[in-house]
K.L.:
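Structure in structure tokens, see below.
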There are 2 protein chains.
Amino acid sequence: MRAPAKLKDVAARAGVSPAAVSRFLNGSISLPAATIERIEAAIAFFDYRPNAHARRLSLGRSDTIALVVPEIGNPFFAELAAAAERAAAAEGLGIMLFATENRLERELEYLSRLGRSDVDALLFVTNHADEDGRLAAAIGHAAQVVLLDEDVPGTGVSKVFADNVEGGRLAARALIEAGHRRLFLAGGPPALMSARERAEGFRAAAREAGLPEDSVEALAGDYTVAQGRRAAEAMLASPVGPTAVFAASDQTMLGLLEVFRARGIAVPDEVSIVTFDDVVPLAFFDPAISAIRQSIGEMGRIGVQRVIAGMKGGAAAEVIRLPIEFVPRASVAAPRDSTQAKKPTRRRP
Amino acid sequence: MRAPAKLKDVAARAGVSPAAVSRFLNGSISLPAATIERIEAAIAFFDYRPNAHARRLSLGRSDTIALVVPEIGNPFFAELAAAAERAAAAEGLGIMLFATENRLERELEYLSRLGRSDVDALLFVTNHADEDGRLAAAIGHAAQVVLLDEDVPGTGVSKVFADNVEGGRLAARALIEAGHRRLFLAGGPPALMSARERAEGFRAAAREAGLPEDSVEALAGDYTVAQGRRAAEAMLASPVGPTAVFAASDQTMLGLLEVFRARGIAVPDEVSIVTFDDVVPLAFFDPAISAIRQSIGEMGRIGVQRVIAGMKGGAAAEVIRLPIEFVPRASVAAPRDSTQAKKPTRRRP
DNA sequence: ACGGGTTAGTATACCGCTTTACTAAGATGA
DNA sequence: TCATCTTAGTAAAGCGGTATACTAACCCGT
């Protein structure tokens, strides 16, 4: 286990200068075949691999980007990480992974790694409101930060979001088309853009379908299982008796399901469900749960793309909206109590 | 947006030498309060942050470790990544994440990053057999590689595995105690240590319970949903009619469930299920699925620990077995066809 | 008044690669 | 035969820190 060979050693053995070897390796020189052969032989002889630290110091970049998310274990972020890693690897970039637990100090700390040129760029996901603007200030207008999934208002960087409004709208429409007229929205934190937009789309669709303003009852929450439980209770206690519910996230839906089951409420016979995200294996649930799916993979891919564009310089900040899709499964059916429901349309006789 | 300040600038403004500032920042010097104040003022003035590349080149390390897994989106590896990241962050280390898609070339490539001192150490998970020994050769005896979850035979590095034998045993015991006598094992790839060990434990428990050798029927597979489907078909087609099945992974279990549902086979009334891993939200399934749980978090944590020990030098390679646990839920019940089953023990009258 | 110890630092040689600008030798052309 | 061009490289200055070894000034005790 000798010390690893360095450029100098290779050069010496090939009978050329270190500069020649370096330039050869980086393709910035053209050499006669004989010399190339000698260099390659020397490289093979030493099993030479350029030292990454030296290279990075000299180049002033690391070919590494950071992905900063609230928690890695959450399947949503895991999938995001998977997509980002794939896209980055394809471009020869490495991904450093950081979890913030959604805490501001940790977010700021990871943001500061940019300043230390620890990483070249940052793919950043936060999930809480930036109350005092510190986060926005830290993000500033760095061309090397791209915001994913959730906004940090007041920042001029590139952003990639799902089309949340459309997501909310699709959910409401699916429910309304099945015949529901009293809807429940187990929504996200109103401080977050994503939650506001989804609620907005949901209500808009209700309005567009001619439902009265009070046809959608809502309870805001925090995207957790616990929120789902609370929402289920609230919904069941509601005097107007909603017959369908839109869950802000898969976690929320899990909470709903738990309470419905405990109370013996049948899905979709007694209540219909549409969830948001589609990152949990919903197809295997009983019943399989219908979902609004955002393309997380796309978000990761495009995020990496934007980040690269930013690194290459130039590219103006841009806000990108990703299309969203309704995945019909078995958790939506006509309301049982159909007194005020339109007759469900059956496609096949 | 001026060029970031460097050590030299800070030193000049504080009226000391760069060495003094460096040593001050690294705590390797003691200085009078007045000097410290000047240095700190200068640092604040410039918002100075040491350049990570320079530091790493000088120090010869990056305080970064790589986590190499087959796929990040898989909840098992996602949870592993989450735990490893947490443990690493607590020690001031960063995590670089790499997905190999279980392909040898990519594994070798990431392994080679160690040689480039791109990262200080590697947390490595593979999921395929090392047929020609190339993987083992690449891993060699580097004190900076720790193998997680699955073995690569012929390597002398530290390893952290679940107690698979005990896992298999617990699964069989749960089924047998419920009264089952004809068991089906939807196992993993026989080329993998984990699969062999689980099968071994499973059969051992059957033997220990006095069941005949042919009481467990098995079909090997590859831990996928597709495997689960195949296993279900095989099981249903079996002339001996197993009444319970042990799935090699949550994915496998998903495949089983799909087929059982399509065929109208009730769980646990007609067939009992125990799965392995417990990374999918099994508690929310209907019925909730009983599982053998390995402590993935612990695996990540301990892996990081071992890697750090290895970096500090000294620490001999070690193979660690992590305890495993049976999580009883609703998918195991007495066999309906109880002709040859013992009477199920009911705890509460 | 002098040797010795402490305090408060400094000088300098790396770490290993990249890159810009330059040159020596041979080939080409007039 | 001399000027010019091409070929095949090279020398050396960074990149921005860290660490080792050293020194200058001051204080103390005798």
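Owing to the predicted nature of the structure, the values given are computational and were not obtained by experimental measurement. Reminder, nothing fancy here: chain letters follow the sequence lines and each chain counts from 1.
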K.L.:
Using the side-chain heavy atoms of A:Asn51, tell me which of these nucleotides is nearest: C:dC15, C:dC17, C:dG9.
P.N.:
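Of C:dC15, C:dC17, C:dG9, C:dC17 is nearest to the side chain of A:Asn51.
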K.L.:
Take atom CZ of A:Arg49 and atom P of C:dG16, then tell me their distance rounded to the nearest Å.
P.N.:
15 Å
K.L.:
Nearest whole Å is fine: how far is C:dT10 P from B:Ile29 CD1?
P.N.:
8 Å
K.L.:
Could you tell me the separation between the CG atom of B:Asp118 and the P atom of C:dC17, rounded to a whole number of Å?
P.N.:
13 Å
K.L.:
Can you tell me which nucleotide in D:dC15, C:dG9, D:dG9 comes closest to the side chain of B:Pro32?
P.N.:
C:dG9
K.L.:
Tell me which pairs pass side-chain hydrogen bond (donor to acceptor under 3.5 Å, both in side chains) where either residue lies in residues 88-100 of chain A, with sequence neighbours left out.
P.N.:
none
K.L.:
Donor-acceptor pair, distance only, cut-off 3.5 Å: does the side chain of A:Ser112 make one with the backbone of A:Tyr110?
P.N.:
no
K.L.:
Using a 4.0 Å heavy-atom cut-off to protein, can you give one letter per nucleotide of nucleotides 18-25 of chain C, 5' to 3': B if the base is in contact, S if only the sugar-phosphate is, - if neither?
P.N.:
BB-B----
K.L.:
So what's the dot-bracket for DNA chain D: Watson-Crick or G-U pairs under 3.5 Å, [ ] if a pair crosses, | if it pairs off-strand?
P.N.:
||||||||||||||||||||||||||||||
K.L.:
Counting any heavy atom closer than 4.0 Å, what does A:Leu31 reach on the DNA or RNA strands: base, sugar-phosphate only, or nothing?
P.N.:
sugar-phosphate
K.L.:
Indicate yes or no for a side-chain donor-acceptor contact from B:Asp9 to the backbone of B:Lys6 under 3.5 Å, with no hydrogens or angles considered.
P.N.:
yes
K.L.:
Quickly work out the B:Lys6 NZ to D:dC15 C1' distance and round it to whole Å.
P.N.:
8 Å
K.L.:
Check the distance between C:dG9's C1' and B:Ile36's CD1 and give it to me in whole angstrom.
P.N.:
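It is 13 Å, rounded to the nearest whole Å.
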K.L.:
Regarding A:Glu150 and A:Ser194, do their side chains bring together a donor and an acceptor under 3.5 Å, going by distance alone?
P.N.:
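Yes, A:Ser194 and A:Glu150 have a side-chain donor paired with an acceptor closer than 3.5 Å.
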K.L.:
Applying the side chain to side chain contact (heavy atoms under 4.5 Å, CB included) test to A:Asn127, which of A:Asp222, A:Asn102, A:Asn74 qualifies?
P.N.:
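It is A:Asn102; the other options fail the test.
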K.L.:
Between A:Arg106 and A:Ala99, is there a donor-acceptor pair closer than 3.5 Å when you use the side chain of the first and the backbone of the second?
P.N.:
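Confirmed, A:Arg106 side chain pairs with A:Ala99 backbone.
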K.L.:
Rounding to an integer number of Å, can you tell me how far B:Ile43 CD1 sits from D:dG17 P?
P.N.:
11 Å
K.L.:
Below 4.0 angstrom, N of the basic side chain to O of the carboxylate: do B:Asp118 and A:Arg56 qualify?
P.N.:
yes
K.L.:
With distance as the sole test, does B:Asp130 use its side chain to make a donor-acceptor pair with the main-chain N or O of B:Ala136 at under 3.5 Å?
P.N.:
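Indeed, once roles are kept as given, a pair shorter than 3.5 Å links the two residues.
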K.L.:
Taking 4.0 Å as the cut-off, does a side-chain nitrogen or oxygen of A:Ser30 come that near to OP1 or OP2 on D:dT7?
P.N.:
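No, A:Ser30 has no side-chain N/O under 4.0 Å of OP1/OP2 on D:dT7.
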K.L.:
So among B:Val69, B:Val157, B:Val145, B:Thr155, which one has a side chain to side chain contact (heavy atoms under 4.5 Å, CB included) with B:Phe124?
P.N.:
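In the set B:Val69, B:Val157, B:Val145, B:Thr155, the residue that makes a side chain to side chain contact (heavy atoms under 4.5 Å, CB included) with B:Phe124 is B:Val145.
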K.L.:
Is B:Arg116 reaching over with its side chain to a backbone N or O of A:Pro50, donor-acceptor style, under 3.5 angstrom?
P.N.:
no
K.L.:
Output the rounded distance in Å from CZ (B:Arg38) to P (C:dA8).
P.N.:
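Answer to the nearest Å: 12 Å.
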K.L.:
Would you kindly give the NZ-to-P distance between B:Lys8 and C:dT10, to the nearest whole Å?
P.N.:
16 Å
K.L.:
With sequence neighbours left out, what residues match B:Glu109 under side chain to side chain donor-acceptor pair (under 3.5 Å)?
P.N.:
none
K.L.:
How would nucleotides 23-28 of chain D be written as a contact map, 5' to 3', with B for base contact, S for sugar-phosphate-only contact and - for no contact, using protein heavy atoms under 4.0 Å?
P.N.:
------
K.L.:
Can you list every pair that meets side-chain hydrogen bond (donor to acceptor under 3.5 Å, both in side chains) and has a residue in residues 34-43 of chain B, with sequence neighbours left out?
P.N.:
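Pairs touching residues 34-43 of chain B that pass the test: none.
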K.L.:
Go through D:dG9, D:dC15, C:dC17 for me and flag the one nearest to the A:Leu57 side chain.
P.N.:
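Closest nucleotide to the A:Leu57 side chain: D:dC15.
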